[in-house]
Amino acid sequence: MKFGLFVHKIKKMNLKTFVKISKVSNLSDARYCAGMGVDVLGFCLDPKSTDYVSPEVFKEITEWVAGIDFAGEFANMPADQIKIGLTDYDLQFLEVNQINQAEELQYLDIPIILKWTVNATNVDQLSNELSLASDIASMVVINLDESHLSAQVQQIVQESKDNIKLIKGYEIDSQITAHLDGWQGIEMEATKEERPGYKDYGQIMDILEVLEEY
């Protein structure tokens, strides 16, 4: 379903779980998600990425929304470059993909989100990764490259859930409320808009409506 920018008029809702939306790049997503009660909007701040959001565009988007936190998604950028980039954005979180980045950035005055993508080569490292992250990061977003590892990851999540906030970034569907055992929230990825103020919210709309509390 497609909507224009009237979405800023939506009364802010309450959701059944913590929700982060990653790779936000337009005002349509920002306004809609803020109105629906999303907790964190993530913006790609890696200049080498096609999803990069400049300081100017970030300001244009974020000055129109309130009551929501913003995360800078720096992926695998070196810590020294991230420190420089932080000066250009008003952020409540920074997100990185590697534990060594988090270790270098942990003494900055901003909470860290660690995003970890699990596959067959690193799944055995997940427990240790979460143990290390519990002293450094405020939460860990877990993505999954290979669906057959889902049960193994779920077991590790159950063992680690009391130590750190775990955000599920995979297998997000209309039955999500039945699959949150051990998880404290979810992450979904935003999409590009077809033209300014006009886009299809797709999965984001479907899932947020499932999570909406009345």
Side-chain angles (χ1 to χ4, degrees), residues 1-15 17-77 82 85-97 110-117 137-143 165 167-170 172 176 185-212:
M1 187 176 297
K2 298 178 176 65
F3 291 84
L5 284 182
F6 73 88
V7 295
H8 70 285
K9 297 179 182 179
I10 296 175
K11 181 180 179 181
K12 185 170 183 178
M13 304 296 178
N14 292 318
L15 301 177
T17 192
F18 176 96
V19 177
K20 176 180 179 287
I21 304 296
S22 70
K23 294 185 179 180
V24 174
S25 61
N26 57 77
L27 183 56
S28 298
D29 274 333
R31 283 179 161 175
Y32 177 73
C33 291
M36 289 298 291
V38 166
D39 297 276
V40 178
L41 298 180
F43 298 82
C44 176
L45 304 187
D46 179 358
K48 296 181 180 179
S49 172
T50 56
D51 297 306
Y52 172 66
V53 174
S54 69
E56 294 75 21
V57 172
F58 175 84
K59 183 177 180 181
E60 290 172 2
I61 295 173
T62 57
E63 68 184 1
W64 283 96
V65 295
I68 192 166
D69 289 333
F70 307 125
E73 298 170 339
F74 292 96
N76 297 306
M77 286 175 59
I82 293 174
L86 285 172
T87 62
D88 296 324
Y89 298 87
D90 184 11
L91 302 168
Q92 286 71 54
F93 294 93
L94 70 86
E95 178 183 282
V96 293
N97 293 359
I110 182 171
I112 295 173
I113 301 172
L114 178 64
K115 180 175 284 189
W116 180 255
T117 299
S138 63
M139 68 186 84
V140 176
V141 177
I142 298 179
N143 288 326
K165 186 172 185 175
I167 308 302
K168 190 174 189 180
Y170 64 94
I172 308 298
I176 186 60
I186 64 170
E187 180 190 79
M188 293 183 287
E189 188 173 303
T191 57
K192 304 288 186 182
E193 58 184 354
E194 299 170 29
R195 62 177 185 268
Y198 190 82
K199 69 167 296 179
D200 187 340
Y201 293 100
Q203 183 200 38
I204 289 178
M205 174 180 286
D206 295 340
I207 300 304
L208 292 184
E209 289 181 350
V210 168
L211 293 175
E212 193 174 336

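Just the heavy atoms: all of them, side chains too, but no hydrogens, waters or symmetry mates, feed the values below. Along the sequence shown, residues are numbered consecutively beginning with 1.
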Quiz item: Which atom pair, heavy atoms only, marks the closest approach of Y32 to I204?
Solution: CE2-CG2, 4.3 Å
Quiz item: Can you check whether V19's main-chain N or O pairs, donor with acceptor, with D39's side chain at less than 3.5 Å?
Solution: yes
Quiz item: Between E187 and K115, is there a donor-acceptor pair closer than 3.5 Å when you use the side chain of the first and the backbone of the second?
Solution: no
Practice problem: Would you check if C33 and L41 make a side-chain contact, meaning some heavy-atom pair closer than 4.5 Å? | Solution: yes
Quiz item: Would a distance-only check, ignoring hydrogens and angles, find a side-chain to backbone donor-acceptor pair under 3.5 Å from E73 to K23?
Solution: yes
Self-check item: From CG (N26) to OG1 (T191), nearest 0.5 Å
Solution: 7.5 Å
Self-check item: Exam field: side chain Q92 to backbone F70, donor-acceptor pair closer than 3.5 Å
Solution: yes
Practice problem: Quick one: closest heavy-atom pair of Q203 and I172, and the distance? | Solution: NE2-O, 2.7 Å
Self-check item: Which atom of S138 lies closest to which atom of F93, heavy atoms considered
Solution: OG-CE2, 3.7 Å
Practice problem: Identify which one of Y89, F58, F74 satisfies the ring-ring contact (aromatic ring centres under 6.0 Å, His included) criterion when paired with F43. | Solution: F58
Practice problem: Write down the atom of A71, the atom of V40, and the distance for their closest heavy-atom approach. | Solution: CB-CG1, 3.7 Å
Quiz item: Heavy-atom distance under 4.5 Å between the side chains of L91 and L45, does that happen here?
Solution: yes
